[in-house]
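Numbered from 1 within each chain, the chains take letters A, B, ... in sequence-line order.
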Protein chains: 2
Amino acid sequence: MDRIDSCLIALRRILRASESHGKELAQSVGMTPVQFRVIQIVAETGSSTAGAIAKRMHVAPATVTAIIDKLERAGHVSRQQSQTDRRQTDIVLTEQSRRVLDRAPDALQQKFATDFEGLEDWEQAMIVAALERVAAMMDGTNADRGAVLYPGEL
Amino acid sequence: MDRIDSCLIALRRILRASESHGKELAQSVGMTPVQFRVIQIVAETGSSTAGAIAKRMHVAPATVTAIIDKLERAGHVSRQQSQTDRRQTDIVLTEQSRRVLDRAPDALQQKFATDFEGLEDWEQAMIVAALERVAAMMDGTNADRGAVLYPGEL
DNA sequence: CTTGGTTATTTCGCAACACAAAATAACATG
DNA sequence: CATGTTATTTTGTGTTGCGAAATAACCAAG
């Protein structure tokens with residue numbers, strides 16, 4: 001079999017695993033995958049504005065508003081106007097969602113981490129190199145090739 | 001930075017690239033990603049029943065019915081009762097959707113293929129090995145471990 | 001052949017997500 | 001202050017997804 005086919009098949013397996021894992025994880029903590037992702041993003045930075053979340057998720061601001069509405073109604077986050085710019089609303093986690101995050105068993109990442117740590121040093125290095133190579137081929141960015149490309153993300 | 005973090009970041013880049021590519025591809029041919037995926041599945045086998053598609057996509061039969069409805073209304077597929085079992089309805093492509101598939105430029109796969117072919121032999125081998133390793137760690141299956149596994153896809 | 005159980009698909013009602021366009025409010029600069 | 005820009009929300013619409021019930025066809029006794 002062709003090496004390219006092997007790559008594409010492996011990639012599909014990876015995508016599928018990560019997708020179905022996302023569903024399980026979210027269900028186990030009582031929210032949808034998207035809602036959980038928002039919570040995670042807010043948790044990373046302490047608090048985040050709606051627009052920042054939208055950019056981060058590559059999604060329209062209106063979509064984030066709707067998701068925040070549901071999270072707020074469920075008591076997972078609260079809105080509070082920014083002190084510095086009253087147009088923006090900071091999204092902050094409640095105690096409740098912080099507890100959710102604490103006991104959220106990110107099984108896939110943890111399994112990956114333990115499996116990965118069990119590998120030989122050279123194999124770990126190989127995997128990192130390969131994944132970064134593949135990522136660069138797929139998303140077009142190439143850390144080695146200077147800053148000319150990619151206005152995106154702004 | 002930790003090697004595990006590097007892996008997870010690269011994986012996220014890969015997921016994101018594949019996701020946004022799916023959207024672009026589908027838009028360029030005038031349907032949604034899910035609709036395009038259904039068309040692809042039907043194309044692979046010539047014709048497929050609703051139930052088979054649902055299983056393949058890990059989705060409820062009712063969902064497939066709705067998608068087929070739209071594809072049919074748009075003239076991309078047609079339903080026809082199976083000769084052997086009149087409970088099942090075979091989904092078959094129309095000329096129109098076959099043309100769509102022909103000129104669908106699967107840019108991501110092609111870019112990946114050309115990039116990949118440009119690599120040194122040893123690097124190709126490394127990437128295949130790494131991706132398969134990662135896939136095995138993520139989806140639990142392990143292709144190296146004999147033929148016991150892989151009932152899936154049926 | 002009929003009865004009862006199974007299977008394939010559809011219909012129905014509901015929820016989540018995603019977007020564009022318009023509305024609102026606050027900021028910033030002339 | 002007038003104008004334009006920015007951040008968010010509202011409104012309306014479309015797609016995807018599900019479960020439960022309905023429909024239709026198959027199949028295996030009896």
Side-chain angles (χ1 to χ4, degrees), chain A residues 16 19-20 22-27 29-42 45 47-74 76-92 154, chain B residues 16 19-20 22-27 29-42 45 47-74 76-92 154:
Chain A
R16 186 170 310 194
E19 185 187 332
S20 71
K23 279 183 199 162
E24 279 173 32
L25 171 59
Q27 271 199 333
V29 302
M31 52 182 98
T32 68
V34 179
Q35 289 169 4
F36 188 74
R37 210 157 126 215
V38 168
I39 297 283
Q40 275 186 318
I41 289 174
V42 176
T45 52
S47 82
S48 204
T49 68
I53 296 171
K55 256 180 209 135
R56 185 101 170 229
M57 294 176 67
H58 294 109
V59 128
T63 304
V64 172
T65 297
I67 297 166
I68 300 290
D69 282 347
K70 275 169 206 137
L71 286 172
E72 193 179 27
R73 231 173 290 137
H76 290 304
V77 303
S78 71
R79 289 175 155 100
Q80 66 189 51
Q81 286 222 329
S82 164
Q83 301 293 335
T84 59
D85 183 343
R86 281 183 324 198
R87 286 171 305 177
Q88 357 195 37
T89 65
D90 290 325
I91 313 299
V92 297
L154 313 174
Chain B
R16 187 170 309 191
E19 186 186 331
S20 71
K23 280 184 200 162
E24 279 173 31
L25 172 59
Q27 271 198 333
V29 301
M31 51 181 100
T32 68
V34 178
Q35 289 169 5
F36 188 74
R37 207 156 132 216
V38 169
I39 297 283
Q40 276 186 318
I41 289 174
V42 176
T45 52
S47 82
S48 202
T49 67
I53 296 171
K55 256 180 209 133
R56 185 97 170 233
M57 294 177 65
H58 296 107
V59 130
T63 303
V64 172
T65 296
I67 298 167
I68 300 291
D69 283 346
K70 277 174 204 129
L71 286 172
E72 192 178 28
R73 232 173 287 137
H76 291 305
V77 303
S78 71
R79 289 175 157 101
Q80 67 189 52
Q81 286 222 328
S82 164
Q83 301 292 335
T84 59
D85 183 342
R86 283 183 321 201
R87 286 171 306 177
Q88 356 194 38
T89 66
D90 290 325
I91 313 301
V92 297
L154 314 173

Protein and nucleotides 23-27 of chain C: nitrogen or oxygen contacts under 3.5 angstrom:
unit_1	atom_1	unit_2	atom_2	d
C/dC27	OP1	A/Arg86	N	3.1
C/dC27	OP2	A/Arg86	NH2	3.3

Which protein N or O atoms sit under 3.5 Å from an N or O of nucleotides 14-17 of chain D?
unit_1	atom_1	unit_2	atom_2	d
D/dT16	OP1	B/Thr32	OG1	2.1
D/dT16	OP2	B/Gln35	NE2	3.2

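The shortest non-hydrogen separation linking B/Ser47 to B/Val92 is CB-CG1, 3.6 Å.
Residues meeting the side chain to side chain contact (heavy atoms under 4.5 Å, CB included) test with A/Thr89, sequence neighbours left out: A/Ile91. Scored by the side chain to side chain contact (heavy atoms under 4.5 Å, CB included) test, B/Ala52 finds B/Ser48, B/Thr49 as partners (sequence neighbours excluded). Residues that satisfy the salt bridge (charged side-chain N to carboxylate O under 4.0 Å, His left out) test with A/Arg87, not counting sequence neighbours, are A/Asp85. Legend: residues meeting side-chain hydrogen bond (donor to acceptor under 3.5 Å, both in side chains) with A/Ser82, ordered by chain and number and at least two apart, are A/Thr84. Scanning for side chain to side chain contact (heavy atoms under 4.5 Å, CB included) contacts around A/Gln81 gives A/Arg86, with sequence neighbours left out. For A/Ser78, there are no side-chain hydrogen bond (donor to acceptor under 3.5 Å, both in side chains) partners at least two apart in sequence or on another chain. Partners of A/Glu72 under the side-chain hydrogen bond (donor to acceptor under 3.5 Å, both in side chains) rule, at least two apart in sequence or in another chain, are A/Arg79.
For the pair A/Asp90 CG and D/dT9 P, the computed distance is 11 Å after rounding to whole Å. With rounding to whole Å, A/Lys55 atom NZ is found 14 Å from C/dC19 atom P. For the pair A/Glu72 CD and D/dT8 P, the interatomic distance rounds to 14 Å; values are reported in whole Å. Protein atom CD of A/Gln88 is 14 Å distant from nucleotide atom C1' of C/dA28, rounded to whole Å. Atom CG of A/Leu71 and atom P of D/dT9 are 13 Å apart (whole Å).
Along DNA chain C, the nucleotide nearest A/Ala62 and the nucleotide nearest B/Asp69 are compared for position; the residue whose nucleotide lies closer to the 5' end is B/Asp69.
Within the nucleic acid shown, B/Thr89 comes within 4.0 Å of sugar-phosphate atoms alone, with no base atom in reach, counting heavy atoms only.
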